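Below: the structure, in C-alpha cells.
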Amino acid sequence: MTHNRLLITGFSNPAVKAARALREKKHRKREGRFLAEGLRLLTEAREAGILPEALWLGQQRDPHPLVDALEQAVVAAGGTIYETTTDILSKISGKDNPQTVLGVFADLPTSLQALDRSRSGIWLVAQSMRDPGNLGTMLRTCDAVGAGGLILVDQCVDPFSVEAVRASMGAVFTVPVAQAEWGDFLTWLRAGEGQLVGTSLNTRFDYRGADYVAPCFLLIGNEAQGLPPAYEAECDLLVKIPMLGKADSLNAAVAAAVMAYEVLARQG
C-alpha cells in the first residue's frame with residue numbers, strides 16, 4: 001500500500017477513535033472537522049470542489065466508477081484512504097447498516113462579512129432552529145431555489161452534525177452557511193441592501209400578495225415558538241401562510257420552502 005492508503009481492522013486505532021469522536025459537537029468544534037456519509041454526498045462534495053481529508057471505504061463495497069473517481073481525487077489532493085471493516089464503519093457512523101463510503105472534511109466556515117448579498121435575490125435566515133432535519137431541508141431548499149446562502153441566527157443546531165449533513169443531501173457543500181447572533185446579523189443586514197421578511201401569525205398580509213424586494217432575506221423562527229416579538233418588530237414585512245385546516249402553522253422547513261418559491265416566482 002502507498003503511504004496515503006491504509007488498511008485498518010482494529011477498533012482501538014487512533015484514526016478510528018478520532019473519526020468516531022466527530023459525531024459529537026464538542027469534538028467537531030475542537031478539531032474543525034465533520035463527517036459526511038454516503039457516495040452521493042461525497043460525490044456532491046467532489047463536484048463542488050470539496051474533498052475529504054480522509055476517505056473511509058468498506059472492504060466489501062461493490063465496485064463503482066464514482067468511488068474510483070473519489071479515491072483518485074483524494075489521493076491526488078494528498079488525502080488519506082482508509083480501507084476497513086463494516087463493523088468499524090458502523091462504529092464511526094453510529095449506524096447498524098453504515099454506508100461503505102465515509103469522509104472526514106475540514107469545516108466550511110463562512111462569516112457574514114464574506115457573504116455577497118448581490119449573489120442572489122433570495123436568502124434564508126433561520127432563528128434558533130433546533131432540528132437537524134429541518135436545517136438540512138432548508139439547505140436543500142436554498143440549493144433548489146438558487147438562494148445565496150443560509151444564515152443561522154442565535155443558538156441553532158450544528159449544521160455540520162451527522163444528521164444535518166445527511167438531511168442536506170449534499171447541499172451543505174454547495175450552499176454557504178453563516179452563523180451569527182441576532183444583533184450582529186441586523187447590523188450587517190442594515191449596512192447594505194436587503195429586505196427582511198418574517199413569517200408570522202401576527203399579520204394580515206398574505207404571503208401571496210406581498211411585494212418582495214431583492215435581495216430578500218426570509219426569516220423563519222424556531223419550530224416551537226416562532227419569531228420573538230422583538231424580532232418581528234425589526235422585519236420590513238411580516239407575512240402569513242393561510243392555514244385552512246386545524247393546524248395553526250406549517251413545519252418550519254416546509255414554510256421556508258413555500259416562501260422561497262413564492263419569492264422566486266414574484267422576483268422572476
Side-chain angles (χ1 to χ4, degrees), residues 112 115 117-157 159 167 171 175-268:
L112 284 176
L115 297 177
R117 67 182 75 201
S118 67
R119 180 177 182 225
S120 175
I122 307 174
W123 296 73
L124 294 189
V125 185
Q127 186 264 329
S128 295
M129 188 70 61
R130 299 298 188 195
D131 183 83
N134 279 338
L135 195 151
T137 300
M138 289 185 72
L139 282 169
R140 292 175 68 184
T141 298
C142 282
D143 185 82
V145 302
L150 174 64
I151 301 172
L152 304 178
V153 172
D154 298 338
Q155 297 302 308
C156 288
V157 65
V175 176
V177 181
Q179 302 182 59
E181 293 300 316
W182 174 247
D184 294 332
F185 165 70
L186 269 185
T187 299
W188 172 83
L189 179 67
R190 300 311 183 192
E193 294 184 346
Q195 179 193 39
L196 185 60
V197 177
T199 54
S200 172
L201 298 176
N202 304 317
T203 181
R204 61 184 179 85
F205 291 107
D206 190 302
Y207 82 108
R208 292 166 296 191
D211 292 324
Y212 301 110
V213 180
C216 178
F217 292 81
L218 297 175
L219 177 61
I220 307 297
N222 169 268
E223 294 95 335
Q225 282 83 35
L227 291 174
Y231 290 38
E232 290 186 351
E234 294 287 352
C235 290
D236 300 309
L237 175 66
L238 287 176
V239 297
K240 64 180 177 181
I241 300 173
M243 296 290 108
L244 304 182
K246 293 185 177 181
D248 61 1
S249 65
L250 291 174
N251 166 276
V254 172
V258 170
M259 286 293 305
Y261 273 100
E262 182 66 16
V263 172
L264 186 67
R266 290 188 167 270
Q267 289 183 347

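What you are looking at is a predicted structure, and each value in this text was computed from that prediction instead of being measured.
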Looking only at heavy atoms, which two atoms of [X] and [Y] are closest? And how far apart?
X    : Y    : value
D236 : G194 : OD2-O, 3.7 Å
P132 : A167 : O-CB, 4.0 Å
G149 : V175 : CA-CG1, 3.7 Å
A214 : G121 : CB-CA, 3.8 Å
G146 : S120 : O-OG, 2.8 Å
C156 : A126 : SG-O, 3.6 Å

Hey, are the side chains of [X] and [Y] touching, using non-hydrogen atoms and a 4.5 Å cut-off?
X    : Y    : value
W123 : C216 : no
I151 : L124 : no
E181 : D184 : yes
M259 : V197 : yes
F185 : L196 : yes
L150 : T141 : no
L219 : T199 : no
D206 : K240 : no

Atom [atom1] in [X], atom [atom2] in [Y]: separation rounded to 0.5 Å?
X    : Y    : atom1 : atom2 : result
L135 : L139 : CG    : CG    : 5.5 Å
L237 : T203 : CG    : OG1   : 7.0 Å
N251 : N134 : CG    : CG    : 4.5 Å

Legend entry - E223 side chain to M129 backbone, donor-acceptor under 3.5 Å: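 Answer holds: no.
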
Legend entry - Any donor-acceptor N/O pair, R117 side chain to L189 backbone, under 3.5 Å: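 Side chain of R117 to backbone of L189, a donor-acceptor pair under 3.5 Å: yes, one is there.
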
Legend entry - S128: partners by side-chain hydrogen bond (donor to acceptor under 3.5 Å, both in side chains), with sequence neighbours left out: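 Testing S128 for side-chain hydrogen bond (donor to acceptor under 3.5 Å, both in side chains), a comparison that skips the adjacent residues, returns none.
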
Inset, instruction - Would you please name every residue forming a side-chain hydrogen bond (donor to acceptor under 3.5 Å, both in side chains) with R119, sequence neighbours left out? - result: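 R119 satisfies side-chain hydrogen bond (donor to acceptor under 3.5 Å, both in side chains) with no residue once adjacent residues are dropped.
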
Legend entry - For Q127, the option from L152, I220, N222 that meets side chain to side chain contact (heavy atoms under 4.5 Å, CB included):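 For Q127, the side chain to side chain contact (heavy atoms under 4.5 Å, CB included) check succeeds only for N222.
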
Legend entry - Result of checking E193, Q267, Q195 against V213 for side chain to side chain contact (heavy atoms under 4.5 Å, CB included):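 One option only clears the test, and that one is Q195.
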
Legend entry - Flag for N202-E232: side-chain donor and acceptor within less than 3.5 Å: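 Yes.
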
Inset, instruction - Verify whether one side chain among Q179 and Q155 offers a donor that lies under 3.5 Å from an acceptor in the other. - result: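 Their side chains do not contain a donor-acceptor pair, so the 3.5 Å distance test is not met.
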
Legend entry - Contact list for residues 187-216, test ring-ring contact (aromatic ring centres under 6.0 Å, His included), sequence neighbours left out: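 Output for this query lists W188-F217.
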
